[in-house]
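Convention: sequence-line order gives letters A, B, ...; per-chain numbering from 1. Since the structure is predicted, the reported quantities are computational estimates derived from the model, not experimental observations.
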Protein chains: 2
Amino acid sequence: MATLADIIEDYIKRQLQKSHNSIVVINRAQLADSFECAPSQINYVLETRFNKERGYIIESRRGGGGYIRIVKIRSDDIDKTVGKLIGRIGNSISPKGVDNILVVLHDMGFLSTKNVQLIRGVIQQETAGVVQGEDMLRAKLLRAMLCLKLQEIND
Amino acid sequence: MATLADIIEDYIKRQLQKSHNSIVVINRAQLADSFECAPSQINYVLETRFNKERGYIIESRRGGGGYIRIVKIRSDDIDKTVGKLIGRIGNSISPKGVDNILVVLHDMGFLSTKNVQLIRGVIQQETAGVVQGEDMLRAKLLRAMLCLKLQEIND
DNA sequence: AATGCGAAGGTCAGGAATGGTCAGACGGAG
DNA sequence: CTCCGTCTGACCATTCCTGACCTTCGCATT
């Protein structure tokens with residue numbers, strides 16, 4: 001049975017299809033109103049269906065003229081593989097784990113040699129001296145940079 | 001939806017473009033009148049969109065024949081400026097600080113609109129739920145992504 | 001020169017319009 | 001019955017915009 005969350009998910013995905021640039025902007029209150037549900041329901045759908053593991057990036061702003069922008073990053077096969085890898089990064093990762101992923105991405109031509117070196121360097125730099133949650137920070141940094149790269153090849 | 005503040009911002013930026021010397025002088029009451037808003041709305045736009053962080057200088061004078069002058073600070077060398085901005089990120093940064101930097105980089109053509117949206121989104125998601133050192137994490141993520149971008153234009 | 005007035009612009013508190021978060025209710029599958 | 005995915009409502013945070021009140025400056029009058 002399709003839950004309301006499923007229905008809203010489908011709706012947003014259709015909008016993304018229609019958009020042709022994989023970006024859709026919604027108004028939380030209005031969307032909630034048209035589906036006759038609580039506004040927070042929209043957040044639930046976004047959290048569970050349009051998170052980064054699934055290849056989406058959400059950007060939002062509060063206040064007058066506020067909005068929620070949903071960006072799909074991932075379309076073809078390369079994207080799918082990279083997206084999967086990004087999803088696999090998880091909450092924390094070791095330096096060795098970073099290396100493994102970088103090698104795979106380099107081999108498949110997603111990252112240049114220079115890219116790999118830079119990413120490794122930046123991660124080293126930014127995690128140096130961090131005493132707690134180093135693996136977590138590493139995961140976040142790697143994911144951030146890969147998301148940025150992923151977007152580029154989709155332009 | 002574009003708010004009135006956004007519209008006024010665009011208008012002023014267009015005027016700056018047209019000016020060819022990156023200086024534009026406005027009359028607060030008159031501008032407010034043409035946009036049918038309160039004069040203080042103009043101040044709001046100036047404070048939030050044309051502040052020093054975003055690379056503008058505001059000079060004004062009260063009294064009869066008063067004026068507001070908006071000056072866009074020139075950025076001759078993109079590379080140097082970006083490097084300087086990255087340096088300015090420092091150890092920690094607020095969401096607004098991120099925004100200011102992104103807008104500057106966007107205005108000078110270093111980041112595309114999509115880039116900006118993605119970077120904002122990634123940072124929002126990676127810092128969500130982090131209770132301690134959020135500002136620090138934000139700084140690291142932003143720096144990492146900007147370094148990656150900076151490498152690209154130097155290839 | 002001193003004073004007074006009108007014409008700018010500045011400040012700030014607060015209301016309205018958005019979106020975010022989180023504890024807990026609810027209900028179906030095991 | 002217990003667990004897990006849904007869904008809601010109360011409360012919070014952020015951004016926009018206005019109106020009342022304040023400050024500064026030029027100029028005419030005295």
Task: Stretch residues 21-31 of chain B: residues that reach within less than 4.0 Å of DNA chain D through a heavy atom - done: none

Open item on the list: Is B:Arg61 close enough to C:dA7 that one of its side-chain N or O atoms is under 4.0 Å from OP1 or OP2 there?
Closed with: no

- [ ] Using a 4.0 Å heavy-atom cut-off across all strands, classify B:Ile42 as base, sugar-phosphate, or nothing.
- [x] nothing

- [ ] Map B:Gly129 and B:Tyr67 onto DNA chain C by nearest heavy atom, then report which one ends up closer to the 5' terminus.
- [x] B:Tyr67

Task: N/O donor-acceptor pair under 3.5 Å between B:Gln151 side chain and A:Lys114 backbone - done: yes

TODO: Could you tell me the separation between the CG atom of B:Asp33 and the P atom of D:dT18, rounded to a whole number of Å?
DONE: 12 Å

- [ ] For the pair B:Lys96 and B:Asp99, find out whether any cationic side-chain nitrogen is under 4.0 Å from an anionic carboxylate oxygen.
- [x] no

Open item on the list: Quiz question: by atom type and distance under 3.5 Å, do the side chains of A:Tyr67 and A:Glu59 form a donor-acceptor pair?
Closed with: yes

Open item on the list: Salt bridge check, B:Lys13 against B:Asp10: does any charged N sit closer than 4.0 Å to a carboxylate O?
Closed with: no

Task: Contact under 4.0 Å: B:Arg49 side-chain N or O vs D:dT15 OP1/OP2 - done: no

Open item on the list: So which atom in B:Cys147 and which in A:Val122 form the shortest heavy-atom distance, rounded to 0.1 Å?
Closed with: CB-CG2, 3.9 Å

Hey, what are the protein-to-nucleotides 8-13 of chain D N/O distances that come in under 3.5 Å?
| from | atom 1 | to | atom 2 | distance (Å) |
| --- | --- | --- | --- | --- |
| D:dT8 | OP2 | A:Ala38 | N | 3.2 |
| D:dG9 | O6 | A:Ser40 | OG | 2.6 |
| D:dA13 | O4' | A:Arg62 | NH1 | 2.6 |
| D:dA13 | N3 | A:Arg62 | NH1 | 3.2 |

Task: Under 4.0 angstrom between A:Thr3 side-chain N/O and D:dG5 OP1 or OP2 - done: no

- [ ] Look at the side-chain N and O atoms of B:Lys96 and state whether any lies under 4.0 Å from the OP1 or OP2 oxygen of D:dT14.
- [x] no

TODO: Tell me, please, which residues at least two apart from B:Arg28 pass side chain to side chain donor-acceptor pair (under 3.5 Å).
DONE: B:Asn43

